[in-house]
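A quick write-up on the structure given underneath.
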Protein chains: 2
Amino acid sequence: MLSKKAKYGLQAIIFLAKEEKKKQGPIQIASLAKNEKIPKKFLEIILLELRKQGILHSKLGAGGGYSLGKAAEKISIGQVVRILDGPLAQVSCLSKTAYHKCDECKDEKTCEIRKIMKKVHETTTRILDRTTLADAVKGKVNF
Amino acid sequence: MLSKKAKYGLQAIIFLAKEEKKKQGPIQIASLAKNEKIPKKFLEIILLELRKQGILHSKLGAGGGYSLGKAAEKISIGQVVRILDGPLAQVSCLSKTAYHKCDECKDEKTCEIRKIMKKVHETTTRILDRTTLADAVKGKVNF
DNA sequence: ATATATTCTACTAATAAAATAGACAATATA
DNA sequence: TATATTGTCTATTTTATTAGTAGAATATAT
């Protein structure tokens, strides 16, 4: 399951991508929170994390707010989920971004669980890493 | 990520499936725990859950222990994971076994997150529900 | 009877998820 | 330059979940 954090984050960034098209400056956390029914303070944390990873851009002061940090075509859904929920892999020995050996594992090469989850991981990353925010907004999902 | 519970459960049931072939009665929790390096008391809980769902069979008393509750060909990996970790779906509105509307969701039909996760869900369930314990032991993964 | 196993009830500890509070810093603009 | 606006940062709180433990009760083979 996606955490609420990741879900809120995706809702927010999809909203921002839609607004982006209208070319009307940045969106405030408050209005974003209200529109998407997300607890404001929680959303702050989420947006900040996305900004620190370069996914979003923020502007301080009056008339400030959030906007996309790069083109919607350059932001993948997988990236966003990884930032907010951590690795996509079902077992840590499959993660490219955060690999480490499983404690209980005797032998990675013969591990049956790994073999199965490898397939799952491959197909999910194929979808999530190749579907961009721009695709999402268009309702187009690759694979 | 899979929880340790699901991982331990899969390790245990794969071990049982392998032992099954040797046709030497049931396996005790203690020896299972030792072999797979799983905390015994935690394993008790896990095996009990799998037994209650008909996946495993247990025998009380001396010479007792655990064995598969049905043919390895009839047990899917997806079933085991669902019992131990809950729904496979990334969002509850996609779960077949535990559907419920997402709190924040305005409209399920147009939800972009749902659309993307539907693909992910379809591919993961295709793999996990069609790969049986027998396949796993053979090292064969479908799709 | 007795040793061997699972079963059941009831905890506990640790960690993570979700949400909140309030002071601080930057910026537009009047 | 005073002021309202808006994001930033640090710290807490609350709640839920995960992981693991303890011990008595129950069933069974010998």
Side-chain angles (χ1 to χ4, degrees), chain A residues 1-12 16 24-34 36-53 55-69 81 83-87 90-92 98 102-104, chain B residues 1-12 16 24-34 36-53 55-69 81 83-87 90-92 98 102-104:
Chain A
M1 286 271 178
L2 281 182
S3 70
K4 288 205 173 187
K5 194 176 183 184
K7 224 158 145 188
Y8 289 158
L10 287 171
Q11 282 179 253
L16 284 175
Q24 296 164 340
I27 310 293
Q28 291 75 36
I29 297 179
S31 86
L32 206 38
K34 201 180 167 197
E36 299 293 322
K37 293 182 204 153
I38 302 171
K40 182 166 170 266
K41 278 290 187 179
F42 194 19
L43 183 57
E44 275 185 19
I45 296 167
I46 295 168
L47 297 179
L48 206 50
E49 283 185 47
L50 293 174
R51 196 218 61 181
K52 282 181 179 165
Q53 299 299 320
I55 304 292
L56 294 182
H57 175 255
S58 69
K59 201 181 168 215
L60 275 170
Y66 274 95
S67 50
L68 297 184
V81 175
I83 291 168
L84 300 174
D85 269 359
Q90 285 71 24
V91 281
S92 61
C102 301
D103 311 337
E104 334 74 26
Chain B
M1 286 271 177
L2 281 182
S3 70
K4 288 205 173 190
K5 195 176 181 183
K7 223 158 146 191
Y8 289 159
L10 287 172
Q11 283 180 254
L16 284 175
Q24 296 164 340
I27 310 292
Q28 290 76 36
I29 296 179
S31 85
L32 205 39
K34 200 180 168 197
E36 298 293 321
K37 294 182 203 154
I38 302 172
K40 183 167 170 266
K41 278 290 187 179
F42 194 19
L43 184 56
E44 274 185 21
I45 296 167
I46 295 168
L47 296 179
L48 205 51
E49 282 185 49
L50 293 174
R51 196 220 61 183
K52 282 179 178 164
Q53 299 300 321
I55 304 292
L56 294 182
H57 175 256
S58 68
K59 200 180 169 218
L60 276 170
Y66 274 93
S67 51
L68 297 184
V81 174
I83 291 169
L84 299 174
D85 269 0
Q90 285 71 24
V91 281
S92 61
C102 300
D103 310 339
E104 333 74 27

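Each chain gets a letter, A, B and so on, in the order the sequences are listed, and its residues count up from 1. Because the structure is predicted, anything quoted here is derived from the model rather than measured.
Side-chain N or O atoms of A:D85 include one that pairs as donor or acceptor with a backbone N or O of A:S3 at under 3.5 Å. Checked by atom type and distance alone, the side chain of B:E104 never pairs as donor or acceptor with a backbone atom of A:E36 at under 3.5 Å.
Proximity of B:Y8 to the phosphate of D:dT18: no side-chain N or O atom is located under 4.0 Å from OP1 or OP2. Between B:S58 and C:dA5 there is no side-chain N or O to OP1 or OP2 distance below 4.0 Å. Residue B:K40 has no polar side-chain atom (N or O) positioned under 4.0 Å from OP1 or OP2 of D:dT21.
Residue contacts shown for A:K4 are limited to sugar-phosphate atoms, with no base heavy atom under 4.0 Å away. Using a 4.0 Å heavy-atom cutoff across all strands shown, B:I45 reaches at least one base atom of the nucleic acid. Nucleic acid contact for B:K52: sugar-phosphate only, since backbone atoms but no base atoms lie under 4.0 Å from a heavy atom of the residue.
Taking the side chain of A:L60 as heavy atoms from C-beta on, and the options C:dT6, D:dG7, C:dA19, the nearest nucleotide is D:dG7. Residue B:S3 places its side chain closer to D:dA19 than to any other of C:dT4, C:dA28, D:dA19.
Computed from coordinates, the B:L50 CG to C:dT7 P distance equals 11 Å when rounded to whole Å. Rounded to an integer number of Å, the gap from B:I46 CD1 to D:dT18 C1' is 11 Å. Distance, A:I38 CD1 to C:dA19 P: 10 Å, rounded to whole Å. Atoms NZ (A:K41) and C1' (C:dA19) sit 11 Å apart, rounded to a whole Å.
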